[in-house]
Amino acid sequence: MIQALAEQRRLLQHEFEHEKEEFQRQMEATSIVRKVRRGICWFPLQTGRSYHNSLDQLVVEVSRKEYLDEEHNFEPGKPVVFFSEEASGLLHYMKFAAQVSYVEEDRMVVVLPSSDALLQLERADRLGIQLTLDETTYRLMYEALDRVMEAKGNRLAELRDICHTSAPTHRFTFLPQRFPWLNASQEQAVNEVLWAKDVAVVHGPPGTGKTTTLVEAIYETLHRETQVLVCAQSNMAVDWIAEKLCDRGVNVLRIGNPTRVTDRMLGQTFERRFEAHPRYHDLWAIRKAIRDLYAARHKGNRENFQQKIARLRERATELELGIQEELFGEARVIACTLTGSAHRLLSGRRFGTLFIDEAAQALEAACWIAIPKADRFILAGDHRQLPPTLKCPESLAGGLDKTLMQHLVEHQPRCVSLLRVQYRMCDAIMQFPNQEFYEGQLQSDPSVRYRGILDWDTAMEWIDTSEEETGTSSTQTSTLTSVTEEPFPGHQEDFGEQQNGLSRVNPREAELTVRILRQYFEKIGRDRILHERIDVGVISPYRGQVHLLRQLIKRDKFFKPLRSLISVNTVDGFQGQERDVIVISMVRSNEEGQVGFLRDLRRMNVAITRARMKLLIIGDSTTLCRHPFYRRLKKYIEQQEEY
């Protein structure tokens, strides 16, 4: 067990070194234009106002001078570095660390370490900002694993043994609670959470109401405990569960800045609540007095200056701690990311229960950052969907992506509650992932079982690009793809994939995907789509194809009134979402039959299960069906079309 954790730490070190080398290579070899397109850089940049926020941090507002319709990867909490472009074209990176505090489409608020850093920004002519390597997260994970490995004779050691061995778990023995508004499997899961003294797992396949069940479990736990800690891997997942708890009237204190910054969630953040406290104005005045004293320190007596500063700081610390204690005393739920649980505000605080949502997407080491803060923990997620993101092949091959949730499913199956009734997909779509990933244990609720968009329509279709290329497509497929209009600019004759930087594209398949979507919309009728708000997700596993699809849809005037109903993103970007219609562009088409990371079937499980009523797959069967999973998928779809 200890050896397994030590091996995990070694693999984590490899992952860090790989990411570090990859980052350095990008810094040296990638042009600014490509960095901007990859979403890791804004350039040129314009600075706005600077001020001290409620946490007394110096922040500066920056915005893009040239706003492009490009995705970016900037998020609150991520480390960044500023640079300036010299007349020669060389980049000069500034030697100070900064951190994103808030970000929207073309504006960002960045925390600076000092007024000297601000002065450097103000003096720079052509300024840019770029994501930098997040060493802090790795350091926290290393420390967490070391702490777990060294634990002896304490609660952390007991929880470690439960997770990695078949050590016995303990339960309360009170009678089950009734929740008539939940289905039987959801009710059982909530009771299992309440009975658990050590650990429980809520396994929620797509559309089974995992969030509803988890919120109910948290709400019921709060009848027994004063306060709980709720974490997730990403800011978005934390915000989602926090909003649902707010809907139930729970007082949530959000540590850190949400990625989806709605006015409502901003109101729950520690920073905003801190600013709204009646005594904050007194604290702000004292902090301003300290800054004014430092600005004028050369004019007065140095000894008197030090005494004044010491008194003011003592008073400021007293006020700050008093406000913090009031805010934490009022909150029933403390919500943050797993790495956010190491925030100084949570130092020394302990909770009866820790809830970790989307646990199947978090590295085990990240979970151990938060677990020592609680007496027991509850995991919720689906290990049959997206795994943690890893970049190093050795780390992946060594099993670093095996999560704490998977260890518990393996070692403590009695602690796992499977949610069995799904409310998202019609039965024809649900049955394939049900058999492939969930041993046929799921069932569709009657409200969604037979629903569809069109009469005499099949819920799943595979448009085979190999048949399109040879002109041998089936009757149904050719109905969708028989077109007479001019091809898109950049049209090519074959459906072969192309390498595009670090990603892949298939231009002809992208054209076909957009054309099929347009024709399916014409079948439904534009007025009906707008009236009923029929929404569509266009998915591709490859970021390059996503970018191309967005361009094609934006260029096509047919989609202009419908664009608000169309989302185009990667599989990872659609995690946790659902749409009436899902169109998947598979991209891979080559003579060698290589499918790349489409071999990770969990990713395909996510893509398929986003669809409520219609799923269209566009791909080359001669390439994809060399893999047995895709052979079974195509055969299942063909059987559906026969009925």
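- Looking at T137, its side chain never comes within 3.5 Å of a backbone N or O of D134 through a donor-acceptor pair.
- Side-chain atoms of Q8 do not come within 3.5 Å of backbone N or O of L400 as any donor-acceptor pair.
- Electrostatic pairing of R64 and D106 does not count as a salt bridge here, judged by no charged N lying under 4.0 Å from a carboxylate O.
- Taking the side chain as every heavy atom from C-beta outward, S585 and E509 approach each other to under 4.5 Å.
- Between V505 and V587 the shortest side-chain heavy-atom distance does not fall below 4.5 Å.
- Taking a cutoff of 4.0 Å between a charged side-chain nitrogen and a carboxylate oxygen, E497 and R504 qualify as a salt bridge.
- Salt bridge present: R139 and E143 bring a charged side-chain N and a carboxylate O closer than 4.0 Å.
- Not counting sequence neighbours, the partners of T211 by the side chain to side chain contact (heavy atoms under 4.5 Å, CB included) test are V215, W240, I241, K244.
- The ring pair (Phe, Tyr, Trp, His ring centres under 6.0 Å) test with W42 singles out one residue from F74, F82, F83, and that residue is F74.
- Few gaps surround CZ on R10; more than 12 heavy atoms of other groups in view lie less than 6.0 Å from it.
- Around the CD atom of E591, the shell of radius 6.0 Å holds no more than 12 heavy atoms that belong to other residues, nucleotides or ligands.
- Two residues are said to be in side-chain contact when any heavy atoms from C-beta on lie closer than 4.5 Å; L229 and C336 meet this criterion.
- Salt bridge status for D146 with R9: present, with a side-chain N to carboxylate O gap under 4.0 Å.
- Inter-residue side-chain proximity for V238 and R254 is flagged as met; some heavy-atom pair is nearer than 4.5 Å.
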### Message
Go through it in stages, so that I can follow the logic: the residues are V81 and I129, the test is side-chain contact (heavy atoms from CB on, under 4.5 Å), and I'd like the CA-CA distance, side-chain angles, deciding distance and then a yes or no.
### Response
CA-CA 6 Å; V81 61; I129 189 172; over 6 Å; no
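- By the side chain to side chain contact (heavy atoms under 4.5 Å, CB included) test, V109 is found to be paired with Y51, V59, E61, S101, Y102, R107, residues two or more places apart in sequence or in another chain being considered.
- A donor-acceptor contact shorter than 3.5 Å links the side chain of R424 to the backbone of T609.
- Judged by distance alone, with hydrogens and angles left aside, the side-chain atoms of Q13 form no donor-acceptor pair with the main-chain N or O of E17 at under 3.5 Å.
- N569 places a side-chain heavy atom less than 4.5 Å from the side chain of R550.
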### Task
List the steps, then state whether salt bridge (charged side-chain N to carboxylate O under 4.0 Å, His left out) holds for K391 with E21.
CA-CA 11 Å; K391 299 177 182 178; E21 289 172 9; over 6 Å; no
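- Looking at D620, its side chain never comes within 3.5 Å of a backbone N or O of S589 through a donor-acceptor pair.
- With hydrogens and angles disregarded, a donor-acceptor distance shorter than 3.5 Å links the side chain of R563 to the backbone of K554.
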Only pairs under 3.5 Å count here: list side-chain donor-acceptor contacts from residues 597-608, not counting sequence neighbours, and write none if there are none.
from : atom 1 : to   : atom 2 : distance (Å)
R599 : NH1    : G596 : O      : 3.4
D600 : OD1    : R602 : N      : 3.2
D600 : OD1    : R602 : NE     : 3.2
R602 : NH2    : D401 : OD2    : 3.4
R603 : NE     : D572 : OD1    : 3.2
R603 : NH2    : D572 : OD1    : 3.3
R603 : NH2    : D572 : OD2    : 3.1
N605 : ND2    : R384 : O      : 3.0
N605 : ND2    : Y438 : OH     : 3.0

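- Panel note: side chain D357, backbone A232; no donor-acceptor pair is recorded below 3.5 Å.
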